[in-house]
Amino acid sequence: MHYGAIKEFDIADGIGTRVTVFVSGCTNRCEGCFQPETWDFEFGQPFTKETEDYVLKCLEPYYIHGLTILGGEPFEPSNQRALLPFLKRFKEMYPNKDLWMFTGFRYEDELIKPGSHPNCEVTDEILSLVNILVDGRFILSKKDIRLKFRGSSNQRIINMVKTRETGEIVLWDDSIASE
């Protein structure tokens with residue numbers, strides 16, 4: 001897996017101050033994407049053990065609320081397979097910090113649907129680690145810069161903790177902190 005950028009102090013891609021990793025590789029290729037260079041699976045630098053260690057070290061300070069993974073597309077199967085050991089390590093080291101992930105794939109139609117492109121042998125395990133999932137392709141005609149943590153009105157912010165508890169999709173309520 002490759003990554004395009006790491007933001008050590010990000011306040012735009014989730015609640016609080018976060019560490020954000022932009023992975024490379026995306027087959028969705030949404031018109032108007034704000035990071036089209038990350039569509040290429042070879043863009044940027046390889047995500048090595050040293051990179052992983054660096055990101056985990058950046059997460060150490062008390063004022064870092066959590067980790068955000070976006071892209072590119074974190075839920076491309078090859079990216080999922082590469083991310084899973086890192087995300088498990090993150091959750092083991094920082095059980096009180098949250099994980100936000102952004103995906104162009106819709107949760108119920110693609111991510112958890114057997115046989116769909118993004119659904120692979122590690123998808124369920126990755127989703128079990130996610131606190132907040134922002135899903136849906138960016139649609140240029142639905143772009144709205146007033147929206148919090150998403151670019152177009154079709155995209156959803158899903159509270160994955162509540163979704164797992166209830167078995168139904170529960171949208172995130174920004175009046176409360178992520179769980």
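Worth saying up front: this structure is predicted, and the values here are computed from it rather than measured.
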What are the two closest non-hydrogen atoms of [X] and [Y], and how far apart are they?
X	Y	result
Gly32	Phe138	O-CE2, 3.6 Å
Gly66	Lys97	CA-CB, 4.0 Å
Tyr3	Pro46	CE2-O, 3.5 Å
Glu52	Phe86	CG-CD1, 3.0 Å
Phe90	Leu59	CD1-CD1, 3.6 Å

If hydrophobic clusters are built from ILVMFWY residues whose side chains come within less than 4.5 Å, do [X] and [Y] share one?
X	Y	answer
Ile158	Leu99	yes
Ile157	Ile11	no
Trp39	Leu70	no
Leu140	Phe102	no
Val170	Trp172	no

When you measure from the side chain of [X] to the backbone of [Y], do you find a donor-acceptor pair of N or O atoms at a distance under 3.5 Å?
X	Y	value
Arg164	Leu127	yes
Arg18	His65	no
Ser152	Lys143	no
Asn154	Arg137	yes
Asn159	Val161	yes

Are side-chain heavy atoms of [X] and [Y] found at a separation under 4.5 Å?
X	Y	result
Thr123	Ile112	no
Asn119	Leu111	no
Val19	Asp10	no
Ile132	Thr68	no
Gln80	Val122	yes
Ile169	Glu108	yes
Phe41	Ser24	no
Arg106	Arg156	yes

Check whether more than 12 heavy atoms from other residues, nucleotides or ligands sit under 6.0 Å from atom [atom1] of [X], and answer yes or no.
X	atom1	result
Leu147	CG	yes
Glu121	CD	yes
Gln45	CD	no
Lys142	NZ	no

Ignoring hydrogens and geometry beyond distance, is a side-chain donor-acceptor pair present between Thr103 and Glu73 at under 3.5 Å? yes
Is there a donor-acceptor contact under 3.5 Å linking the side chains of Asn131 and Lys91? yes
Kindly determine whether Thr27 and Glu76 satisfy side chain to side chain donor-acceptor pair (under 3.5 Å), including the steps that lead there. CA-CA 8 Å; Thr27 57; Glu76 289 292 346; 2.6 Å; yes
Atom pair [atom1]/[atom2] of [X] and [Y] - distance to nearest 0.5 Å:
X	Y	atom1	atom2	value
Asp13	Thr20	CG	OG1	5.0 Å
Leu56	Glu92	CG	CD	10.5 Å
Phe22	Phe43	CZ	CZ	10.5 Å
Ile15	Asp98	CD1	CG	8.5 Å
Leu67	Trp100	CG	CH2	12.5 Å
Arg89	Leu84	CZ	CG	13.5 Å

Is a salt bridge present between Lys88 and Glu125, judged by a nitrogen-to-oxygen distance below 4.0 Å? yes
Less than 4.0 Å between a side-chain N and a carboxylate O, is that true for Lys113 and Asp109? no
With side chain to side chain contact (heavy atoms under 4.5 Å, CB included) as the criterion, how do Val21 and Phe47 come out once you've worked through the C-alpha distance, each side chain's angles and the decisive distance to 0.1 Å? CA-CA 10 Å; Val21 177; Phe47 193 79; 4.2 Å; yes
Go through Asp40 and Arg29 one step at a time and tell me if the salt bridge (Lys or Arg N to Asp or Glu O under 4.0 Å) criterion holds. CA-CA 10 Å; Asp40 181 349; Arg29 300 178 177 250; over 6 Å; no
Could you check whether the rings of His117 and Phe105 sit parallel, tilted or perpendicular, using 30° and 60° as the cut-offs? tilted
What verdict does the side chain to side chain contact (heavy atoms under 4.5 Å, CB included) test give for Glu110 and Phe75, after you've listed the backbone C-alpha separation in whole Å, the side-chain angles of each residue and the deciding distance to 0.1 Å? CA-CA 10 Å; Glu110 295 170 294; Phe75 282 94; over 6 Å; no
Val23 vs His2, test: side chain to side chain contact (heavy atoms under 4.5 Å, CB included). Steps then yes/no. CA-CA 6 Å; Val23 300; His2 282 68; over 6 Å; no
Could you go through the salt bridge (Lys or Arg N to Asp or Glu O under 4.0 Å) check for Asp144 and Arg150 one step at a time? CA-CA 8 Å; Asp144 185 344; Arg150 57 198 198 275; over 6 Å; no
Between Tyr107 and Leu133, is a side chain to side chain contact (heavy atoms under 4.5 Å, CB included) present by the stated rule, with each step listed? CA-CA 8 Å; Tyr107 176 72; Leu133 180 72; 3.8 Å; yes
Residue pair Lys57, Glu60: steps toward the salt bridge (Lys or Arg N to Asp or Glu O under 4.0 Å) verdict: CA-CA 5 Å; Lys57 180 77 173 155; Glu60 205 171 79; 3.1 Å; yes
